[in-house]
Asks: 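Sharing a structure below in structure tokens format, with a few things to ask.
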Amino acid sequence: MNTDQITEVKQVFKTRQFRKLFSDDTENTVIQFFRYCFVGGFATVVDWGVSSLLFYLFFSGAGYAAFCNGISFVAGLLVNYFLSTFWIFKQSRMKNRFLEFLSFAAIGVVGLLLTIGITKCFAWALADMTSLYQIISKVVSTAVAFFWNFFARKYLLYTKKEKNKA
């Protein structure tokens, strides 16, 4: 992110050209992040919704919770991938779409592992002090995973390497 990108966003608000926030291809990290808030939010709704549907309608019982959450994670990941590549990130470093998706998914799995780790740490540190540790850990871990997913995908998969200007 650089000052030109921030200036561009200020100009969008100054001239009231809000359409640029939602359409047109862009490499502006601020605008991409803005869009990713919608994509990530929608993918989370899909994840939670599929998990709830599977668990409460088809596979009720504690033994199926991990299975339902695994399937719902994949559903959310697919939604995130397709919306991200359609609306946010147009230029990939990878030519092979399957490898791009696997890399995208691997970044998501790291985000999932961060979520699990943060949740476990909060349970260990706060379980004796407050019953709200689960809510606190969910908020913190969701934010950390969200930022990890966006910035890792942006800079590892969707930012073109600049050629040397020698």
Side-chain angles (χ1 to χ4, degrees), residues 1 18-124 126-127 131-160:
M1 199 169 6
F18 302 116
R19 184 179 65 79
K20 289 185 177 183
L21 295 174
F22 296 98
S23 64
D24 300 337
D25 293 350
T26 184
E27 289 298 313
N28 185 312
T29 303
V30 177
I31 294 172
Q32 288 177 330
F33 184 80
F34 174 78
R35 292 176 184 182
Y36 195 78
C37 288
F38 291 99
V39 170
F42 184 65
T44 299
V45 168
V46 169
D47 181 352
W48 290 15
V50 168
S51 179
S52 295
L53 283 173
L54 289 174
F55 187 76
Y56 292 111
L57 295 180
F58 300 107
F59 301 104
S60 60
Y64 294 104
F67 173 76
C68 295
N69 287 333
I71 297 296
S72 69
F73 174 79
V74 171
L77 181 72
L78 288 168
V79 165
N80 196 318
Y81 175 74
F82 287 115
L83 289 177
S84 290
T85 56
F86 175 75
W87 190 35
I88 302 169
F89 305 118
K90 298 291 185 151
Q91 296 187 13
S92 176
R93 287 183 177 199
M94 304 182 127
K95 300 295 181 219
N96 184 313
R97 293 292 259 185
F98 182 70
L99 290 177
E100 176 190 65
F101 174 74
L102 289 180
S103 299
F104 190 95
I107 290 169
V109 169
V110 171
L112 178 63
L113 294 174
L114 284 169
T115 299
I116 292 167
I118 290 168
T119 302
K120 293 287 185 183
C121 287
F122 272 83
W124 173 77
L126 297 177
S131 61
L132 294 176
Y133 77 89
Q134 187 175 1
I135 302 289
I136 296 166
S137 69
K138 189 67 174 169
V139 169
V140 171
S141 65
T142 298
V144 169
F146 177 82
F147 281 100
W148 158 257
N149 285 334
F150 174 77
F151 287 106
R153 288 170 177 156
K154 165 74 176 166
Y155 291 109
L156 296 175
L157 290 176
Y158 298 108
T159 298
K160 291 283 188 186

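Position 1 is the first residue of the sequence, and the numbers go up from there. All heavy atoms count here, side chains included; hydrogens, waters and symmetry mates do not.
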Asks: Only counting residues at least two apart or in another chain, list the ones meeting side-chain hydrogen bond (donor to acceptor under 3.5 Å, both in side chains) with Thr26.
Replies: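 Expected list: none.
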
Asks: Only counting residues at least two apart or in another chain, list the ones meeting side-chain hydrogen bond (donor to acceptor under 3.5 Å, both in side chains) with Lys138.
Replies: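 Residues passing side-chain hydrogen bond (donor to acceptor under 3.5 Å, both in side chains) with Lys138: none at all.
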
Asks: Count the heavy atoms belonging to other residues, nucleotides or ligands that lie under 6.0 Å from CZ of Phe147, then report whether that count exceeds 12.
Replies: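 Count not over threshold, so no.
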
Asks: Run the side-chain donor-acceptor check on residues 108-122: report pairs under 3.5 Å with partners two or more places apart or on a different chain.
Replies:
unit_1: Thr115; atom_1: OG1; unit_2: Gly111; atom_2: O; d: 3.0
unit_1: Thr119; atom_1: OG1; unit_2: Thr115; atom_2: O; d: 2.7

Asks: Please name all residues satisfying side chain to side chain contact (heavy atoms under 4.5 Å, CB included) with Leu102, sequence neighbours left out, ordered by chain then number.
Replies: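 Side chain to side chain contact (heavy atoms under 4.5 Å, CB included) check on Leu102 returns Phe98, Leu99.
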
Asks: Side chains of residues 83-90: which donor-acceptor pairs under 3.5 Å do they make with residues two or more places apart or in other chains?
Replies:
unit_1: Ser84; atom_1: OG; unit_2: Asn80; atom_2: O; d: 2.8
unit_1: Ser84; atom_1: OG; unit_2: Asn80; atom_2: OD1; d: 2.9
unit_1: Thr85; atom_1: OG1; unit_2: Tyr81; atom_2: O; d: 2.9
unit_1: Thr85; atom_1: OG1; unit_2: Phe82; atom_2: O; d: 3.3
unit_1: Trp87; atom_1: NE1; unit_2: Phe22; atom_2: O; d: 2.6
unit_1: Lys90; atom_1: NZ; unit_2: Phe86; atom_2: O; d: 2.7

Asks: Do the non-hydrogen side-chain atoms of Thr29 and Tyr155 ever get within less than 4.5 Å of each other?
Replies: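 Of all side-chain heavy-atom pairs linking Tyr155 with Thr29, at least one is under 4.5 Å.
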
Asks: Less than 4.5 Å apart, side chain to side chain, heavy atoms only: is that true for Leu77 and Phe101?
Replies: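 Side-chain contact under 4.5 Å: yes.
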
Asks: Shortest non-hydrogen contact from Ala75 to Val50?
Replies: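 That closest heavy-atom pairing would be CB-CG2, 4.1 Å.
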
Asks: Does Ser92 have any side chain to side chain contact (heavy atoms under 4.5 Å, CB included) partners at least two apart in sequence or in another chain, and if so, which?
Replies: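 For Ser92 the side chain to side chain contact (heavy atoms under 4.5 Å, CB included) partners, ignoring immediate neighbours, are Met94, Glu100, Tyr158.
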
Asks: Say you draw a straight line from CZ of Phe38 to CG of Leu21; how long is it, rounded to the nearest 0.5 Å?
Replies: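 The CZ atom of Phe38 sits 9.0 Å away from the CG atom of Leu21.
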
Asks: Is there any side chain to side chain donor-acceptor pair (under 3.5 Å) pair reaching into residues 140-150, and which pairs are they, with sequence neighbours excluded?
Replies: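 Found none.
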
Asks: Going by the rule side-chain hydrogen bond (donor to acceptor under 3.5 Å, both in side chains), which residues pair with Asp24 if we only count those two or more places apart in sequence or in a different chain?
Replies: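 Per chain and number, Asp24 pairs via side-chain hydrogen bond (donor to acceptor under 3.5 Å, both in side chains) with Arg19.
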
Asks: Under the salt bridge (charged side-chain N to carboxylate O under 4.0 Å, His left out) definition, can you give me all pairs with a residue in residues 30-59, not counting sequence neighbours?
Replies: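 Residue pairs passing salt bridge (charged side-chain N to carboxylate O under 4.0 Å, His left out), neighbours aside: none found.
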
Asks: So, the side chain of Ser72 versus the backbone of Asn69: is there a donor-acceptor pair under 3.5 Å, distance only?
Replies: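 Indeed, once roles are kept as given, a pair shorter than 3.5 Å links the two residues.
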
Asks: Just so I know, are the side chains of Phe150 and Cys37 near enough to count as touching, which here means a heavy-atom distance under 4.5 Å?
Replies: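 When only atoms from C-beta onward are counted, Cys37 and Phe150 do not touch, as no gap falls below 4.5 Å.
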
Asks: What's the spacing between Lys154 NZ and Thr159 OG1 if we round to 0.5 Å?
Replies: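 OG1 of Thr159 is found 4.0 Å from NZ of Lys154.
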
Asks: Quick one: does Tyr36's side chain get under 4.5 Å of Phe151's, heavy atoms only?
Replies: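 Counting from C-beta outward, Tyr36 and Phe151 never come under 4.5 Å.
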
